[in-house]
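Beneath this line is the structure, given in structure tokens, with notes to follow.
Both counts, for ligands and for their atoms, begin at 1 and track the order of listing. Reckoned from all heavy atoms, side chains included, excluding hydrogens, waters and symmetry mates.
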Amino acid sequence: MNQIQLCDMLLEDGLNKWLGKIHKGDTLELMARMPAQSIDTIVTSPPYNLKQSTGNGMKNGNGGKWPKAELINGYAGYDDCMPHGEYVAWQRECLNAMMRLLKPTGAIFYNHKWRVQGGLLQDRADIVAGFPVRQIIIWRRKGGINFNPGYFLPTYEVVYLITKPGFKLAPKANALGDVWEVSQESDNPHPAPFPPKLAQQCIGSTTGEVILDPFMGSGTTAIAAETEGRQWIGIEKSKDYCLLAKKRLTAHRELSA
Ligand SMILES: C[S@@+](CC[C@H](N)C(=O)[O-])C[C@H]1O[C@@H](n2cnc3c(N)ncnc32)[C@H](O)[C@@H]1O
């Protein structure tokens, strides 16, 4: 009995150090230091490796008809340009790290985007193969950076709901359905942010108390977690984006005070 209590306390102590903070560093290194089975919900959008895209002008840098699209410049401190196989292996390693952190009732909302590569659809099945994907939510976001005459303008991204067996939605969340219409974010200097509503809808659909975003960017998941009254942990590699997240969180807290 004592021993179990001691373990619980250690788990709590371990996690407390992480809560409510933006941790600057490499996501795999930092996730490896967090206690196993300590997180309820993960909401995240990894870099999409878009500089390797052939179908939308990203690879040759002209951006199709959107030459000024922010993502053409990539991220601060991250070039988004891995060889595809390496990228898939990295993302699978990240998902394994996330699964280790999830409680037996936890879930990951993993946002990604399908694309056409060399004229053929490349869905992200190679990344999620073998992980317990329970559902694919369509995030209908309207226009994307793509005016290729060979196929229709993509208007959605996906959110893979990857779950541990004990995961259940919050009461009534099931009625939201699996197609979410959420406009893109326009008021954020980060090149690829979540719209706050998307992160909030993921978090609000669960009863999870502790929310992690291992690719925190401008801090949208943290803001959404606070709006939903949950605790959060953020990891981000770029110092610029850590500072941006801090600034956005401070502004959010002032507005909601
Ligand atoms: C798609 S963005 C996330 C945007 C975020 N959802 C928001 O609302 O701002 C992906 C983020 O992952 C970060 N990143 C890339 N590699 C990383 C790594 N190894 N460890 C931690 N963060 C990383 C990038 O700097 C970028 O901000």
Side-chain angles (χ1 to χ4, degrees), residues 18 21-34 39 41-53 58 69-83 86-98 101 108-115 124 127 137 139 141 144-145 157-160 180 182-203 211-228 232-252:
W18 294 85
K21 291 180 191 154
I22 304 158
H23 301 268
K24 183 189 158 310
D26 175 72
T27 199
L28 280 173
E29 282 173 25
L30 290 172
M31 281 196 281
R33 284 164 43 192
M34 294 172 63
I39 302 292
T41 310
I42 297 176
V43 177
T44 201
S45 175
Y48 292 162
N49 213 30
L50 281 186
K51 286 284 192 85
Q52 279 297 314
S53 294
M58 281 289 190
E70 286 289 338
L71 263 180
I72 294 296
N73 303 321
Y75 297 99
Y78 175 77
D79 65 9
D80 207 25
C81 196
M82 282 184 186
E86 228 175 86
Y87 172 73
V88 171
W90 176 50
Q91 280 305 302
R92 290 179 63 76
E93 215 181 322
C94 290
L95 282 175
N96 272 320
M98 294 181 220
L101 294 179
I108 305 170
F109 291 81
Y110 180 73
N111 164 227
H112 221 303
K113 187 166 149 182
W114 298 350
R115 65 179 179 178
R124 302 304 177 147
I127 297 177
I137 298 157
W139 165 24
R141 49 169 266 180
I145 312 171
E157 297 193 12
V158 295
V159 180
Y160 292 94
W180 297 358
V182 182
S183 302
Q184 279 160 262
E185 171 71 345
S186 55
D187 185 23
N188 186 334
H190 191 282
F194 275 149
K197 185 179 164 192
L198 184 77
Q200 216 176 310
Q201 210 151 287
C202 296
I203 295 167
I211 317 294
L212 166 70
D213 188 342
F215 295 100
M216 171 74 112
S218 59
T220 314
T221 300
I223 292 170
E226 292 201 357
T227 306
E228 290 292 322
W232 59 269
I233 297 166
I235 299 175
E236 168 58 49
K237 188 179 177 178
S238 147
K239 186 178 172 199
D240 288 354
Y241 298 150
C242 288
L243 292 172
L244 174 61
K246 192 174 165 204
K247 193 170 149 197
R248 291 182 73 230
L249 260 164
T250 307
H252 170 78

Got [X] and [Y] here, is their nearest side-chain heavy-atom distance under 4.5 Å?
| X | Y | value |
| --- | --- | --- |
| I127 | V88 | yes |
| L212 | W18 | no |
| P196 | I223 | no |
| W180 | L198 | yes |
| T220 | H190 | no |

[X]-ligand 1 polar pair, N/O distance under 3.5 Å:
| X | value |
| --- | --- |
| F194 | yes |
| D213 | no |
| W90 | no |
| N188 | no |

Quiz item: Heavy-atom distance to atom 23 (C) of ligand 1: which of K24, K113, K237 wins?
Solution: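 Result: the heavy atom closest to atom 23 (C) of ligand 1 is in K237.
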Self-check item: Per atom 5 (C) of ligand 1, closest listed option by heavy atom (M216, H23, K239, R248)
Solution: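 Ranked by closest heavy atom to atom 5 (C) of ligand 1, first place is M216.
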Identify, by atom number and element, the atoms of ligand 1 in contact range of [X], meaning under 4.0 Å from any of its heavy atoms.
| X | answer |
| --- | --- |
| S218 | 7 (C), 8 (O), 9 (O) |
| P193 | 7 (C), 8 (O), 9 (O) |
| S45 | 1 (C), 2 (S), 3 (C), 10 (C) |
| T220 | 7 (C), 8 (O), 9 (O) |
| G25 | 20 (N), 21 (C) |

Using a heavy-atom cut-off of under 4.0 Å, does the side chain or the backbone of [X] touch ligand 1, or both, or neither?
| X | answer |
| --- | --- |
| Y241 | side chain |
| H190 | side chain |
| P46 | backbone |

Practice problem: Could you list the residues that satisfy side-chain hydrogen bond (donor to acceptor under 3.5 Å, both in side chains) with W139, not counting sequence neighbours? | Solution: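 If we apply the side-chain hydrogen bond (donor to acceptor under 3.5 Å, both in side chains) test to W139, skipping adjacent residues, there are no hits.
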Self-check item: Residues in side chain to side chain contact (heavy atoms under 4.5 Å, CB included) contact with D26, at least two apart in sequence or another chain
Solution: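 By the side chain to side chain contact (heavy atoms under 4.5 Å, CB included) rule, D26 matches L28, E29.
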Self-check item: A245 touching ligand 1 at heavy-atom level, < 4.0 angstrom
Solution: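 So A245 does not count as touching ligand 1.
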Exercise. Would you check whether E185 reaches within less than 4.0 Å of ligand 1, judged by its heavy atoms?
Key: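 No, E185 has no heavy atoms under 4.0 Å from ligand 1.
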Exercise. Output yes when a side-chain donor or acceptor of N111 lies under 3.5 Å from a complementary backbone atom of P46, and no otherwise.
Key: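 No: the side chain of N111 does not pair with the backbone of P46.
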Exercise. To the nearest 0.5 angstrom, please state how far the CG atom of N49 sits from the CD atom of E86.
Key: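 Here the rounded value is 9.0 Å.
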Quiz item: Under 6.0 Å between ring centres, would you say that holds for Y160 and H112?
Solution: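 No, they do not, as the ring centres are separated by 6.0 Å or more.
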